[in-house]
Amino acid sequence: MTLKRIKITNIRNLSQADLTPVSRVNILYGANGSGKTSVLEAIHFLATTRSFRTSQFRHLLSQGAQQALVFARIDPFSEQRLSALGVERDDQGNVKARYDGRTLDSAELASLLPVQVIHSGTFELLDGSPTVRRQFLDWGCFHSESAFITRWRSFKRALKQRNSLLKYGKIDPIQMQVWNREFVEQGQALTDLRDRYLQALIPEFEQILSVLLGDVPIRLGFSAGWDRKRALADMLDENFARDLQHGFTQLGPQRADLRFRLEQKNAADILSRGQKKLVVSALKLAQGSLYRRYSNRPCIYLFDDLPSELDDKHCRLFCDFISQSLDQCFITCVDPDTMTQFWASDIDLSLFHLDSGRLSHKVALGD
Ligand SMILES: Nc1ncnc2c1ncn2[C@@H]1O[C@H](COP(=O)(O)OP(=O)(O)OP(=O)(O)O)[C@@H](O)[C@H]1O
Ligand SMILES: [Mg+2]
């Protein structure tokens with residue numbers, strides 16, 4: 001999947017912007033507040049209909065505008081056959097995604113345009129809430145196993161129904177039994193898919209981390225959300241009184257989490273900020289690498305302020321790694337000199353300059 005042309009209307013300070021990216025490395029540079037992150041936000045919006053920084057769409061929509069629109073020409077299978085994708089969303093909450101004239105639902109859009117973002121908020125993968133880590137894990141499962149989305153939706157439904165019975169305290173035993181059975185069947189299948197995905201992800205993560213960070217023995221582990229010495233069905237039975245008392249299901253796959261350990265301690269408590277950035281980047285890069293393996297298609301990477309937190313050595317290692325992948329990258333930085341020095345002269349690279357919301361010129365490396 002490669003973006004060949006992007007037209008942006010009403011995303012933050014970009015009232016109109018048009019860019020023709022190259023297939024590999026696109027560097028967006030400009031002063032603070034010029035609109036670099038907004039371009040990444042526009043690409044993320046195209047892929048997901050949402051911002052990666054805020055849950056409130058009104059912050060993504062340009063002030064005073066009623067509707068945001070991002071349109072792109074994309075090359076879905078790297079075959080030079082272009083398709084049209086347009087995503088629009090208005091201030092009333094109406095969202096529309098169209099692909100070659102056909103309306104897409106959110107799952108279709110997500111599988112069409114797999115985007116990975118690395119920005120200051122990505123640190124939450126290490127020190128944020130388990131929800132962030134579950135979303136990360138489930139993104140990988142979604143893109144690697146076609147059965148995942150159905151299992152995930154069925155499990156969510158069973159959990160919601162079970163919680164609603166617990167909340168109102170009027171337990172119809174037949175209904176409870178039905179939802180318990182569904183919770184166990186879907187929850188176990190979901191956990192098996194998560195397990196399988198992690199078995200592939202962990203060696204990939206460790207290998208990339210050793211390239212980016214050297215010999216720092218971080219171990220990635222999985223907590224399924226309950227003590228797996230117990231069968232999920234037995235756990236539900238044993239915890240029923242507690243669930244009833246709290247009014248919702250305490251344990252299960254809805255509580256799954258990833259753990260990062262370094263020398264028997266929580267890695268987030270020990271690592272420096274630069275090291276944390278490399279760890280979360282290695283995770284995202286490992287995910288992209290698995291995605292390519294499963295789908296035979298490249299990912300789109302958005303690196304917001306890539307050089308921040310990194311010294312020259314690690315920045316170079318990062319760029320070397322990106323150079324060897326086949327993904328399309330969009331990288332923001334304030335000063336282009338901090339980024340352009342790290343690439344081989346023959347890499348497919350373009351520079352875009354932003355000035356007060358205007359994407360004013362484009363040059364290739366060496367021009
Ligand atoms: N909803 C909005 N409507 C219009 N402008 C906005 C909106 N939200 C933010 N802005 C402005 O858009 C400008 C560009 O923000 P952006 O985050 O893209 O800058 P940036 O180039 O990434 O800056 P930095 O180098 O500081 O990260 C900022 O001046 C910001 O105040
Ligand atoms: Mg920015």
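Note that ligands are numbered from 1 as they come in the structure, with each ligand's atoms numbered from 1 the same way.
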Checklist entry - Where does Glu41 meet ligand 1, judged by heavy-atom distances below 4.0 Å: at the side chain, the backbone, both, or neither? => result neither

Item to check | Partner of Asp327 under side-chain hydrogen bond (donor to acceptor under 3.5 Å, both in side chains), chosen from Arg292, Arg297, Gln116 | outcome: Arg292

Item to check | Arg259 and Asp257 ion-paired at < 4.0 Å | outcome: yes

Checklist entry - Is the shortest N/O to N/O distance between Ser62 and ligand 1 below 3.5 Å? => result no

Item to check | Side chain, backbone, both or neither: Leu61 near ligand 1, heavy atoms under 4.0 Å | outcome: backbone

Checklist entry - To which protein heavy atom is atom 30 (C) of ligand 1 closest, and what is the distance rounded to 0.1 Å? => result Arg12 NH2, 4.4 Å

Checklist entry - Run the side chain to side chain contact (heavy atoms under 4.5 Å, CB included) check on Leu166 and Arg162 step by step: do they pass? => result CA-CA 6 Å; Leu166 290 166; Arg162 188 176 194 273; 3.5 Å; yes

Item to check | Salt-bridge criterion met for Glu124 and Arg133 (N-O under 4.0 Å) | outcome: no

Checklist entry - Purely on distance, is any nitrogen or oxygen of Arg58 under 3.5 Å from one on ligand 1? => result no

Checklist entry - In the protein, what heavy atom is nearest to atom 12 (O) of ligand 1, and what distance, to one decimal place, separates them? => result Asn13 CB, 3.3 Å

Item to check | Phe222 six-ring centre to Arg194 NZ/CZ under 6.0 Å and within 45° of normal | outcome: no

Item to check | Numbering as shown, the atoms of ligand 1 that approach Ala31 to under 4.0 Å (heavy-atom distance) | outcome: 21 (O)

Checklist outcome for this item: protein heavy-atom neighbour closest to atom 26 (O) of ligand 1 works out as Asn32 ND2, 3.2 Å

Checklist entry - Among protein heavy atoms, which lies nearest atom 25 (O) of ligand 1, and at what distance? => result Lys36 NZ, 2.7 Å

Checklist entry - In the protein, which heavy atom is nearest to atom 22 (O) of ligand 1, and how far is it? => result Thr37 OG1, 2.7 Å

Item to check | Residue Gln63 vicinity, atoms of ligand 1 by number, heavy atom under 4.0 Å | outcome: 1 (N), 2 (C), 3 (N), 4 (C)

Checklist entry - For ligand 1, which atoms have a heavy atom of Ser38 less than 4.0 angstrom away? => result 14 (C), 15 (O), 16 (P), 18 (O)

Item to check | Mode of His119 contact toward ligand 1 - side chain, backbone, both, neither (heavy atoms, under 4.0 Å) | outcome: neither

Checklist entry - Taking the six-membered ring for Trp, are Tyr29 and Phe352 ring centroids under 6.0 Å apart? => result no

Item to check | Option from Ser51, Ser62, Ser38 for which side-chain hydrogen bond (donor to acceptor under 3.5 Å, both in side chains) with Arg12 holds | outcome: Ser38

Next on the checklist: With a 4.0 Å cut-off on N to O distance, would you call Arg228 and Asp195 a salt bridge?
Outcome noted: yes

Checklist entry - Is there an N/O/S atom in Thr37 at a distance below 2.8 Å from the Mg ion (ligand 2)? => result yes

Item to check | Nitrogen or oxygen atoms of Gly30 and ligand 1 under 3.5 Å apart | outcome: no

Item to check | Ion pair Arg151/Glu145, N-O distance below 4.0 Å | outcome: no

Checklist entry - How far is atom 23 (O) of ligand 1 from its nearest protein heavy atom, and which residue and atom is that? => result Gly33 N, 2.8 Å

Next on the checklist: As an exercise, identify every atom of ligand 1 less than 4.0 angstrom from a heavy atom of Arg53.
Outcome noted: 17 (O)

Next on the checklist: Whether Asp305 and Lys36 form a salt bridge (side-chain N of Lys/Arg under 4.0 Å from carboxylate O of Asp/Glu) is what I want to check.
Outcome noted: no

Checklist entry - Is it true that a side-chain atom of His44 and a backbone atom of Arg50 form a donor plus acceptor pair closer than 3.5 Å? => result yes

